[in-house]
Amino acid sequence: MSEPVLQIAIPTPLRRLFDYRPPAGADPAALQAGIRIHVPFGHRQVIGLLTGITQTTEVPQHKLKRATAVLDSVPVLSAELLELLGWASRYYQHPIGEVMLNALPALLRREAQPVWRGSEHWQLTPAGIAAINEGLKRAPKQAALLATLRARPEGINAAELDSEHLNWRPVLKKLIDKGWVEMNLRSTLPPPSANLLQPPALTSAQRAAVEQLAGQLGQFHCSLLDGVTGSGKTEVYLQLIERVIAAGRQALVLVPEIGLTPQLVERFRARLNTPVAVLHSALNDQERYAAWLAARQGEAGVIIGTRSALFSPLPNPGLIIIDEEHDLSFKQQDGFRYSARDLAVLRAQKLDIPIVLGSATPSLESLHNVRQGRYQHLSLPERAGAAVFPRFIIQDVRGQKLEHGLSAQLLARMQQHLDQHSQVLLFLNRRGFAPVLMCHACGWHARCARCDAHLTVHRGQHKLRCHHCGSEQRLPGACPECQTEDLLPMGLGTERVEEALQARFPDARIIRIDRDTTRRKGALQELLRQIHAGEADILLGTQMLAKGHHFPEVTLVGMLDADYGLYSADFRASERMGQLILQVAGRAGRAERPGEVMIQTHHPDNPLLAQLAAHDYPAFAETLLQERAQAELPPYASLALIRAEAVDPRAALDFLQAARQAAGPTGSDQPLLLGPVPSPMERRAGRYRAQLLVQSGDRQTLQRFLQHWLVRIEQLPDSRRVRWSVDVDPLEMF
DNA sequence: AGCACGCCGACT
DNA sequence: GTCGGCGTGCTC
């Protein structure tokens, strides 16, 4: 009898599995698909994943090696996940070994037998409690930290402290030295709260949605929960999850990167009678492994996380929720370029459980799926509570003299709202002081040495910075070409608007929120706290300000420049602009004072703006869908984008040209190849970039084509001298 | 991607 | 004489 052959996924960019003989003396019963296994690979030992067992192999006997050791007694990937990942590897054309191993927590990728040591958290000691009662007048920082600790008798970890305190470590050290605080290691998730909050009353639409969805638990259903901002989608999720937990099953909740805030997690923990495992980028490897274990052991009834949490083990699957399903962060933008939203739908289907895609501004893809009858449509048309929709004002700024980007009308309205002690929110999707620095004498522009881009002026830090490669230099005092000291910052950024606002409204307290003001850990949380505490009058920011946060005191929203999305090279720009405008608008308005949204534009007659202003997202989406259908773009066609980059100016284009040749003749039943062309920003970080677009009306056709074509591309002589990648269903077209 | 092998230039 | 440059080839 011959030995079985193990098919192993190896973390390498090679697009295949590798065959091995079983480890010496291995128990055949121990060789289950989904276990990790040590194997010799080339000249090193690696951790691979057993995906299957066969009896035959094409590999010649002399090449076939013996695996070294079985590492797991229980599979780390269930059959269900193995199948999903195999499918994803084929669909996204990404090497199977990288796909499989990436689905595991880093600790399992690296270590044969990781040890869970527990995560650090801190608690007050009885002496600490006594100290608070005595009062600490001379040490305000210590007092503040003690207050936080007192509010969390079950203990608080580093990530949570980061969100509430700046530079807390030295202060904490003092408290530990005094014996007021002790560090403990927690081995499991915090247990569910002893006194859970009661669910609030639902609106009729919320109740209808919950009932409809609850009636469908136990089998696959994909529903689009189309709920305007403020309509209470989260409450629908919570009540649905309560039923899933009551049935002894698990719910997986995926949220966008910026959506996963401590407040959201708190809300889940305060309501749900189950341990909640949280997976996000700020976790260290130990914490990530702990959350993964809690999911796999079924201890966590809810797993909430960003994109990669999709691959969490779910021994008792009951429900998947994708919140803000239109959000771009569900698509990974490098390496394994998967869409967590799309794969989640497939996972739910394979698990035969329901999935809910929630959004106030659904993606055109999802709306299309509703029309095709693939998704069920549930809508929450009203804002919960007494909140009213804001009124839109389309402000024509053509020919107007703008004061640092602000029209007279917007300034006047701001004054009105500020006089009524309301908050005003201004949105400008450009950070820094000015996007261009020009010499008034000779016309010189500050350009990045490594990119085809202007350098942005950051006046506060006296820097010129490239927003594409991150390089920076001192702000010059004089033109490097003609030495004239007459350099003009041109155009607007949030920093400049902030300065202008401060001059225009000297008494207003202004808070700017963009990547520059929130870089420090915990800085965003602190600014948000100030806003909620009413310590701000004007909020100014980039899209960070638009997503996920709720500002009940804001009654006026101003979009300084809505035009960039209307006529862009990227066919998705207008969809995104619309979603952003409605999201920003959703920040305004509450019971007593309905909000206003002023949109400054040079295209006041654009029908898309009119549809948004009428709160008619369906009509807006319909217009865009018709455009997409006409242009044969997604969701009416499938796309794949091959990107290439190289230091040599011609290499990327030449490589893609060769790739195009390698595709052979294109018939009418074959996908269309468009390009290669230089990328919209050809040079970035010192590399020249190009792209080749593949388009087909049929997904399957595109799949089959890519599968054969990529093998040929890999055999091209330049395929190792040029950095290249495939992006199936690309969202960003450059 | 790693990693080793291999064949030509300037060094203790 | 050899250290090391990165081209080329392989990974069951």
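A, B, ... follow the sequence lines: proteins, then strands. Residue 1 opens every chain.
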Seminar exercise, completed: A/I53 CD1 to C/dC12 C1', in whole Å, measures 16 Å

Seminar exercise, completed: Rounded to whole Å, the CD-C1' distance (A/E714 to C/dC10) equals 14 Å

Exercise. When all nucleic acid strands are considered with a 4.0 Å heavy-atom cut-off, which category describes A/R44: base, sugar-phosphate, or nothing?
Worked result: sugar-phosphate

Problem set entry | Between A/S363 and A/E575: side-chain donor-acceptor atoms closer than 3.5 Å | no

Exercise. Where each residue is assigned the nucleotide of DNA chain B containing its nearest heavy atom, which of A/E98 and A/H43 is assigned the position nearer the 5′ end?
Worked result: A/E98

Seminar exercise, completed: Applied to residues 671-692 of chain A, the side chain to side chain donor-acceptor pair (under 3.5 Å) test, sequence neighbours excluded, yields A/E645-A/R687

For this session: In whole angstrom, give the distance that lies between atom NZ of A/K65 and atom P of C/dT11.
Result: 8 Å

For this session: Mind checking A/R21 for me? I need base, sugar-phosphate or nothing, with any heavy atom below 4.0 Å counting as a touch.
Result: nothing

Exercise. When the distance from CG of A/L101 to P of B/dA1 is rounded to whole Å, what number comes out?
Worked result: 17 Å

Problem set entry | Spacing of A/L14 atom CG relative to B/dC3 atom C1', expressed in whole Å | 13 Å

For this session: To the nearest Å, give me how far apart CZ (A/R720) and P (B/dC3) are.
Result: 13 Å

Exercise. How many Å lie between CZ on A/F41 and C1' on B/dG2, as a whole number?
Worked result: 9 Å

Exercise. Is the closest basic N to carboxylate O distance between A/R643 and A/E732 below 4.0 Å?
Worked result: no

Seminar exercise, completed: A/I10 CD1 to B/dG2 C1', in whole Å, measures 13 Å

Exercise. Which residue pairs pass the side chain to side chain donor-acceptor pair (under 3.5 Å) test when at least one of the two sits in residues 51-64 of chain A, sequence neighbours left out?
Worked result: A/D19-A/T57

Exercise. Touch check for A/P11, heavy atoms < 4.0 angstrom, all strands: base, sugar-phosphate only, or nothing?
Worked result: nothing

